[in-house]
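We number each residue from 1, following the sequence as shown. In this text the structure is predicted, and so the values were computed from the model without any measurement.
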Amino acid sequence: MPARQQPTWADREALERAVATLKGFPPLVFAGECDLLRDKLGAVARGEAFLLQGGDCAETLDGVTGPNIRERIKTILQMAVVLTYGAGMPVVKVGRLAGQFAKPRSSDTETRDGVTLPAYRGDMVNGFEFTAEARAHDPSRMVSVYHASSSTLNLVRAFTSGGYADLRSVHTWNKGFVSGPAQKRYEKMATQIDRAVRFLEASGVADAEELRRVEFYSSHESLVLDYERAMVRRDSRTGLPYNTSGHFIWVGERTRDLDGAHVDFLSRVHNPVGVKLGPTATRDDVLGLLDKLDPERVPGRLTFITRMGADKIRDLLPPLLESVGEEAHRVAWVCDPMHGNTFASPSGHKTRRFDDVIDEVAGFFEAHRAAGTWPGGIHVELTGNDVTECVGGSGSLDVQDLGLRYETVCDPRLNHQQSLDMAFQVAAMLEAGR
């Protein structure tokens, strides 16, 4: 089958060694965890929960550090608390982490000052530095990615089960961040949550152990098939194959061909899976993907992630939902408000306007309410660091500020302040629609 956006490995023996090594490693996630997430996404599809999926555009091997991972988790936990408390609804927490090391590109090459080299395809494939040596496609990087993902998941599990994510610690999640309007608003909400939790504990209603833990899942785009196939393991309970590189995997707008290798791969593993739907998505695309990836219509198995742009979603999504009919109720629908709203600033930085991001989410909610379907979640590129990559938000970042801390190696991300801003606005949309 045709496989788009794949690396060009020059050294076949090195590829075979890397794949053999990966096949011998333990799984990064377990089938039972994937099944639990599928059940939770089933609740999202039924309109009983909301999905918060967020993290880096492209992880880097150098970025796998304790502080980076901790700040990202803190930001997602804060957003989830805002959504849960503000909208009174369970929130399923999924990180774009521990595997998001590969990116599709619109061109195979990049030219600078008359020099043409292979495009950067993520640290799983090659390096960001603009040299012939760094840009060569190196299969040994897949093994490095496995180790980096293992380290990330180890820290995530420690944070989320070892007391760091204790709901009684909502105030501490705000420490260490640059102060701003969103943090002050969060602190006020945290005080209310703290009072409510103490009341529940005093009443004997709250389970201390339940307050202490949080369920947090990993996800990434299933792009480099040599890596994804090598990470397939059979569940010892059922004998069914699972992709153990992450709990939730998705295919992107560029690789969702019905007759392509990526969709075929997703159809053969039993993880919950997703598909990005851009402006060109049609009724036949949606129904074909449903039949290919979820023929038995298992709740939580399939998630559609729309990425149409703030200027297009109100025109394109309503007729798509209407044309699909009752089948639209059988899957989870999630909004990616990032990828359709990218533009180049005068300085040459790729960026996004915060207002455009929020407007696409608003259009997503409007379309689903008109169709009688559930706007099930958001899929966001974000970081816990104080970067200057997207403009707007309560911090009033302008295009002139982009060069201050522009750290992404691919697409611009919301910083911590903007992420909290978004959570408050989405919580208001959820509450308004209840």
Side-chain angles (χ1 to χ4, degrees), residues 1-35 37-38 58-59 61 96-105 121-126 137-150 152-153 217-276 289 292-295 301-303:
M1 291 181 171
R4 295 189 183 185
Q5 297 285 335
Q6 296 307 286
T8 304
W9 308 120
D11 189 336
R12 303 306 298 181
E13 290 185 3
L15 173 62
E16 291 171 5
R17 284 196 303 271
V19 169
T21 300
L22 289 169
K23 287 182 176 180
F25 282 151
L28 289 171
V29 303
F30 303 99
E33 295 172 335
C34 298
D35 292 344
L37 177 57
R38 185 188 61 230
E59 293 176 279
L61 295 171
R96 280 175 58 112
L97 48 73
Q100 188 59 23
F101 288 91
K103 293 294 292 183
R105 304 315 299 258
R121 289 188 170 273
D123 275 15
M124 185 182 288
V125 178
N126 56 0
H137 294 189
D138 179 3
S140 70
R141 284 177 166 270
M142 294 190 293
V143 178
S144 299
V145 160
Y146 172 90
H147 291 303
S149 299
S150 178
T152 298
L153 286 171
Y217 299 93
S218 69
S219 70
H220 63 268
E221 181 176 359
S222 178
L223 185 62
V224 179
L225 293 175
D226 290 317
Y227 179 79
E228 305 299 337
R229 287 169 176 153
M231 289 303 299
V232 172
R233 307 286 185 270
R234 290 198 176 272
D235 180 12
S236 59
R237 306 166 303 170
T238 63
L240 297 174
Y242 285 76
N243 181 356
T244 66
S245 68
H247 298 108
F248 177 94
I249 54 176
W250 75 85
V251 292
E253 172 74 1
R254 294 181 176 98
T255 54
R256 62 173 173 81
D257 314 64
L258 274 174
D259 60 349
H262 289 84
V263 169
D264 181 72
F265 175 75
L266 259 61
S267 74
R268 296 173 185 273
V269 295
H270 286 258
N271 308 58
V273 299
V275 180
K276 292 282 189 81
L289 288 163
K292 179 77 173 179
L293 297 174
D294 188 21
R301 158 65 176 173
L302 180 58
T303 297

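The distance from atom CG of L225 to atom CD of Q5, rounded to the nearest 0.5 Å, is 11.0 Å. If you take CG on D226 and CD on E16, they are separated by 10.5 Å, rounding to the nearest 0.5 Å. Taken to the nearest 0.5 Å, the CZ atom of R229 stands 9.5 Å off from the CZ atom of R268.
Remark: side-chain polar atoms of N271 are paired, donor with acceptor, to backbone N or O of G246 under 3.5 angstrom. At least one donor-acceptor pair closer than 3.5 Å links the side chain of N126 to the backbone N or O of R121. One N or O on the side chain of E59 and one on the backbone of Q100 form a donor-acceptor pair closer than 3.5 Å. When atom types are taken as modelled, the side chain of Q6 and the backbone of L223 share a donor-acceptor pair closer than 3.5 angstrom.
Taking 4.5 Å as the limit, some side-chain heavy atom of V145 sits within range of a side-chain heavy atom of S149. Between L266 and S222 the shortest side-chain heavy-atom distance falls below 4.5 Å. By the 4.5 Å heavy-atom criterion applied to side chains, H270 and P241 are counted as neighbours. Contact check for Y227 versus L22: side-chain heavy atoms found under the 4.5 Å cut-off.
By the side chain to side chain donor-acceptor pair (under 3.5 Å) test, R105 pairs with no residue at all, sequence neighbours left out. Every residue meeting the side chain to side chain donor-acceptor pair (under 3.5 Å) condition with S140, not counting sequence neighbours, appears here in chain and number order: D138. Partners of R141 by salt bridge (charged side-chain N to carboxylate O under 4.0 Å, His left out), not counting sequence neighbours: none found. For A14, the side-chain contact (heavy atoms from CB on, under 4.5 Å) criterion is met by D11, R17, P139, not counting sequence neighbours.
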Can M1 and F265 be said to form a side chain to side chain contact (heavy atoms under 4.5 Å, CB included), step by step?
CA-CA 10 Å; M1 291 181 171; F265 175 75; over 6 Å; no

Let me see the working for S144 and F101 under side chain to side chain contact (heavy atoms under 4.5 Å, CB included), right down to the final yes or no.
CA-CA 10 Å; S144 299; F101 288 91; over 6 Å; no

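Taking each heavy atom of W250 and S219 in turn, the nearest pair found is CZ3-OG, 3.6 Å. Here the shortest heavy-atom pairing between V269 and V232 reads CG1-CG2, 4.2 Å. In terms of heavy atoms, V224 sits closest to A102 at CG2-CB, 3.7 Å. The minimum heavy-atom distance linking M231 with P26 is given by the pair CE-O, 4.2 Å. Here the closest heavy-atom approach between residue L293 and residue V263 is recorded as CD2-O, 3.5 Å. Across A58 and K103, no two heavy atoms sit closer than the pair CB-CG, 3.7 Å.
Judged as a ring pair (Phe, Tyr, Trp, His ring centres under 6.0 Å), the pairs with a partner in residues 8-29 (not counting sequence neighbours) are, in order, F25-Y146, F25-H147. For residues 230-249, every residue pair satisfying the side-chain hydrogen bond (donor to acceptor under 3.5 Å, both in side chains) rule, not counting sequence neighbours, is listed here: E33-H247, D35-R237, D35-Y242, S218-H247, H220-S245, E228-N243, E228-S245, D235-R237, D235-T238, N243-S245.
Of the residues listed (T303, L289, L302), the one engaging V273 in a side chain to side chain contact (heavy atoms under 4.5 Å, CB included) is L302, and it is the only one.
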